[in-house]
Amino acid sequence: MRDERGREINYLRVSVTDRCNLRCRYCMPEQGIDIKPHEEVLRLEEFARIIAVASEVGIRKVRLTGGEPLVRRNLPELVRMVAAIDRIDDIAITTNGVLFPAMALQLKAAGLHRVNLSLDTLDPKRYRFITRFGHLEAVTRALDLALELEFHPVKVNVVIIRGFNDDEILDFCRLAAERPLHVRFIEFMPVGHLEFWQHDRIMRCEEIRQVIEEQYQLTPGKMSRGNGPAKYYALQGAPGSIGFISPMSNHFCAECNRLRLTADGKLRACLYDCREIDLRGPMREGRDDRYLGELVRQGVRMKPERHLMAENRWQHRDRKMYQIGG
Ligand code: SAM
Ligand code: SF4
Ligand code: SF4
């Protein structure tokens, strides 16, 4: 379905939980996280039903995220249910990777196509600092396994934070130079846990690119599957590629194709727009698929033209990034 600005909306990002087994400094506070009570969070069958309804409205791609999607019990079961929906042709997850090695085979068997692993540093001490208690080796194991099991393409999401990991840009390029990994550099955004956020910690993609081009030749390229807002470049002679996601310096809202579903069943038309449509209430009151489908259409119609992140800071006290689905 097209929205009022002609954008084809075919992608649903689903936050399956607002819980997480890490506490990345830019995303969650160490303590006092506002977790939704169990009864407010959708059951797996409820997620699957909404995704099926959304597929009738035009959704073709689904990404499971959170919070940390792999802490959601029986996640492979949800993948299996989504894979069984005819019109959905692409199922991916975004994960910190910690639990991935233990679940990878089950996820593959259930029908998961792709994995994005979030990894901001290759230094174990820094990893522990930024995630507050993560172990880097769990994520490197996850990367190895994702490649081995051919979750293609395997993407690595790296948020570049000036003064924290900007000296590792070339190390991440080396990953793509040596292995068929798609390393995506993401600009730091004023979303999530703002105590860590500072304007001067943003490093614009243009600047990141200049650092890379001192060492590597980048050729504009295209990804075959799951080509979201990233601009992709091939690294000369390398099996992997490099991508840039620049929500701050060059927002990609004009090409936005997504809706979001929160763990408690609210549909959001934009990460940055506080308006939500409640799907859980009507679903639990017994409304039929047609009614729910109309609510999803309403969500498509209310998509804003673009976000105002550069002009305003994150304004909703009600939800953080991990509660919406990053
Ligand atoms: N827990 C999963 C993970 O970390 O991959 C999925 C949820 S997490 C919120 C999704 C992505 O959002 C991660 O790649 C994370 O680095 C990114 N993210 C979170 N806060 C961010 C911020 N302030 N700026 C840029 N990216 C952010
Ligand atoms: Fe958890 Fe992902 Fe947020 Fe880190 S970025 S705290 S792993 S939800
Ligand atoms: Fe789409 Fe909103 Fe993100 Fe822009 S900010 S790309 S409109 S979700």
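Counting starts at 1 for both ligands and their atoms, following the listed order. Note that the coordinates shown come from a computational prediction; the quantities given were computed from them, not determined experimentally. For the single chain, residues carry numbers from 1 onward in sequence order.
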Backbone or side chain, does any N or O of [X] fall under 3.5 Å from an N or O of ligand 1?
X      : result
Gly67  : yes
Trp197 : no
Asp120 : no
Thr65  : no

Which heavy atom of [X] sits nearest to which heavy atom of [Y], and what is that distance?
X      : Y      : value
Ile59  : Leu259 : CD1-CD1, 4.5 Å
Ala138 : Pro101 : O-CG, 4.0 Å
Leu181 : Leu143 : CD2-CD2, 3.8 Å

Step-by-step side chain to side chain donor-acceptor pair (under 3.5 Å) determination, Tyr11 to Asp90: CA-CA 9 Å; Tyr11 179 24; Asp90 186 29; over 6 Å; no
Close side-chain approach of Asn157 and Leu117, heavy atoms under 4.5 Å: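 Counting from C-beta outward, Asn157 and Leu117 never come under 4.5 Å.
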Close side-chain approach of Asn165 to Ile160, heavy-atom, < 4.5 Å: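 Yes, side chains in contact.
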Atom 4 (Fe) of ligand 3 to nearest N/O/S of Cys253 less than 2.8 Å: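 Short answer: yes, at least one N, O or S atom is under the cut-off.
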same_hphob_cluster(Met28, Val41) at 4.5 Å side-chain heavy-atom cutoff: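 Different hydrophobic clusters.
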Shortest reach to atom 22 (C) of ligand 1 by a heavy atom, considering only Met189, Arg25, Glu187: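 Residue with the shortest heavy-atom distance to the ligand atom: Met189.
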Heavy-atom nearest neighbour of atom 14 (O) of ligand 1 within options Ser15, Pro247, Ser118: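 The option holding the nearest heavy atom is Ser118.
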Working to the nearest 0.5 angstrom, can you tell me the gap between [X] [atom1] and [Y] [atom2]?
X      : Y      : atom1 : atom2 : answer
Leu295 : Arg287 : CG    : CZ    : 8.5 Å
Glu45  : Phe47  : CD    : CZ    : 10.5 Å
Ile208 : Glu213 : CD1   : CD    : 12.5 Å

Tell me whether the rings of [X] and [Y] are parallel (<30°), tilted (30 to 60°) or perpendicular (>60°).
X      : Y      : answer
Tyr233 : Phe244 : perpendicular
Phe188 : Trp197 : tilted
Phe100 : Phe151 : perpendicular

4.0 Å heavy-atom contact, Cys20 with ligand 1: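 Contact absent.
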Quick one: which ligand 3 atoms are inside 4.0 Å of a heavy atom on [X]?
X      : result
Lys303 : 1 (Fe)
Leu271 : 2 (Fe), 8 (S)
Arg260 : 8 (S)
Cys270 : 2 (Fe), 5 (S), 7 (S), 8 (S)

Under-2.8 Å neighbours of atom 1 (Fe) of ligand 2, protein N/O/S atoms only: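 Of the protein's nitrogen, oxygen and sulfur atoms, 1 lie under 2.8 Å from atom 1 (Fe) of ligand 2.
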Atoms of ligand 1, numbered as shown, that sit under 4.0 Å from any heavy atom of Asn96: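 Near Asn96, meaning under 4.0 Å from one of its heavy atoms, ligand 1 has 2 (C), 3 (C), 5 (O).
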Ligand-side contact atoms (ligand 1) for residue partner Asn157, heavy atom cut-off under 4.0 Å: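 Taking each heavy atom of Asn157 in turn, ligand 1 has 14 (O) under 4.0 Å.
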Non-hydrogen atom of Glu255 closer than 4.0 Å to ligand 3: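 No.
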Ionic contact status for Glu207 with Arg162, cut-off 4.0 Å: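 Yes, this pair counts.
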Part of Thr95 with heavy atoms under 4.0 Å of ligand 1, whether side chain, backbone, both or neither: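 It is the backbone that touches ligand 1; the side chain stays farther off.
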Ligand 1 contact on Val159 by region, counting heavy-atom pairs under 4.0 Å: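 Looking at Val159 and ligand 1, just side chain atoms fall under 4.0 Å.
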